[in-house]
Amino acid sequence: MFHPTNSSGPLLGYLVAGFVMLVAGLAALAVRRRRAPALASAESTRRALRYVLVFGLCSASFGRLIEPALLGRDHSAWLLALGDVLFVTLALFAWVMALAETHRLSDLGFRRAPPGRFLLALGLGLGVVVLYGAGSIRAVLTDRVSVNPDSLVFALLFATAGSALPEEMLFRGYLMGSLDGRVQRWARVAIPALAFAVVRSARFIPGPDLPVSSWVFYVLGEVLPLGLWWGLMRDLAGGSLWPCLVSHAMLDFFTALANTSPVSGP
């Protein structure tokens with residue numbers, strides 16, 4: 001998967017800012033929360049977009065901090081360990097959101113799908129993993145990188161707790177679910193995909209190390225198509241989020257593992 005580059009190093013200010021925005025945002029949205037409105041309602045859509053804003057600002061700050069690890073420029077154990085903590089924090093964001101909104105997990109997509117639909121959606125998800133992650137998968141399977149416990153744990157937590165779980169719950173679960181029956185089918189897929197693209201694109205700003213053309217390709221050639229594809233997969237799976245979670249987690253796992261593991265030999 002394409003990763004923009006940025007020459008700035010880890011900064012403590014991003015860490016503090018990320019936690020401050022996370023705590024303040026969750027407090028504003030969740031403290032003394034009354035019973036949530038019906039999931040498929042305009043109020044739920046507005047609340048989902050507010051969670052998107054908090055998550056986007058927080059993940060953008062954390063992303064600046066751990067970017068050297070994700071891009072393979074820094075393999076230090078301390079940075080990988082810090083990333084592990086940040087990923088668990090993002091998973092807790094999703095857990096607090098689910099508790100505060102009081103919707104059933106099945107309504108957010110954590111439910112069984114008909115076997116035929118599940119297998120078809122999962123097959124499409126694995127196709128995306130091969131399409132965008134072929135280089136990373138090849139690097140891992142052919143021992144071009146030296147996988148170690150630190151990089152393995154980092155990749156696992158990033159793929160599951162720091163990326164797939166919170167993003168799928170928020171975009172394809174809560175936001176997409178809030179649009180169910182209220183907008184046309186294509187809009188129910190496109191709106192969460194656009195929100196997903198905005199949050200992901202905000203992590204990287206075009207500059208001397210990132211030409212505008214590369215940034216546009218990253219957003220329009222990867223992030224937006226993935227958001228649309230995972231939305232279609234949930235729709236195809238009868239509302240189940242599991243195929244999206246598997247596809248998202250696998251893609252990010254191989255990408256992170258290939259980038260955080262040192263290159264093998266000369």
Side-chain angles (χ1 to χ4, degrees), residues 25-26 28-30 33-60 93-114 116-118 120-125 127-128 163-203 216 218-248 251:
L26 286 178
L29 287 166
R33 179 78 175 100
R34 298 176 182 177
R35 183 171 179 80
L39 179 60
S41 66
E43 176 59 24
S44 286
T45 299
R46 288 191 290 269
R47 289 191 61 79
L49 290 174
R50 295 183 190 120
Y51 279 106
V52 166
L53 177 61
V54 174
F55 179 80
L57 293 173
C58 178
S59 62
F93 167 90
W95 179 67
V96 171
M97 179 188 72
L99 289 179
E101 297 307 302
T102 68
H103 298 301
R104 294 179 301 177
L105 290 178
S106 59
D107 293 334
L108 296 178
F110 292 92
R111 59 176 181 261
R112 297 177 60 183
R117 283 177 168 262
F118 177 84
L120 179 58
L122 185 60
L124 293 174
V128 166
S163 183
L165 178 62
E167 290 180 350
E168 292 305 318
M169 280 188 67
L170 179 55
F171 296 103
R172 257 68 64 183
Y174 190 10
L175 181 55
M176 189 172 177
S178 74
L179 299 169
D180 192 23
R182 299 178 44 245
V183 299
Q184 295 185 14
R185 195 173 185 178
W186 67 267
R188 191 163 59 92
V189 172
I191 292 173
L194 288 171
F196 176 70
V198 169
V199 168
R200 279 290 188 94
S201 63
R203 295 179 182 179
V216 170
Y218 170 68
V219 176
L220 300 182
E222 295 194 16
V223 177
L224 184 57
L226 284 171
L228 291 169
W229 194 259
W230 286 326
L232 289 171
M233 282 173 54
R234 188 193 175 190
D235 191 65
L236 182 62
S240 175
L241 206 60
W242 290 113
C244 305
L245 280 165
V246 172
S247 175
H248 194 155
L251 177 59

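All residue numbers in this chain count up from 1 along the given sequence. Every heavy atom of this structure was used, including side-chain atoms; hydrogens, water molecules and symmetry mates were not.
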Practice task
Assess whether side chain to side chain contact (heavy atoms under 4.5 Å, CB included) is satisfied between R234 and S240, documenting all intermediate values.
Solution key: CA-CA 6 Å; R234 188 193 175 190; S240 175; 6.0 Å; no

Exercise for the section: Applying side chain to side chain contact (heavy atoms under 4.5 Å, CB included), run through S178 and R46 and close with a yes or a no. Expected result: CA-CA 9 Å; S178 74; R46 288 191 290 269; over 6 Å; no

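Residues forming a side-chain contact (heavy atoms from CB on, under 4.5 Å) with V216 (at least two apart in sequence, or on another chain): V212, L220. For A38, the side-chain contact (heavy atoms from CB on, under 4.5 Å) criterion is met by no residue, not counting sequence neighbours. By the side-chain contact (heavy atoms from CB on, under 4.5 Å) test, R188 pairs with M176, L179, D180, V183, R185, D235, sequence neighbours left out.
Taking the ring axis of F196 as reference, the NZ or CZ atom of R172 stays within 45° of it and closer than 6.0 Å to the ring centre.
Side-chain contact between M169 and Y174 is absent, with no heavy-atom pair separated by less than 4.5 Å. Between S59 and V199 there is a side-chain heavy-atom pair separated by less than 4.5 Å. R182 has its side chain within reach of T45: a pair of non-hydrogen atoms, C-beta onward, lies under 4.5 Å apart.
Under a 3.5 Å cut-off, the side chain of W229 and the backbone N or O of L124 do form a donor-acceptor pair.
Here the CG atom belonging to L236 is positioned 9.5 Å from the SG atom belonging to C244, to the nearest 0.5 angstrom.
A salt bridge links E167 with R200: at least one charged nitrogen is closer than 4.0 Å to a carboxylate oxygen.
Two rings, from W242 and F110, have their centers less than 6.0 Å apart.
Ring-plane geometry between Y51 and F93 is classed as perpendicular, the angle between the planes exceeding 60 degrees on a 0 to 90 degree scale with a lower cut at 30.
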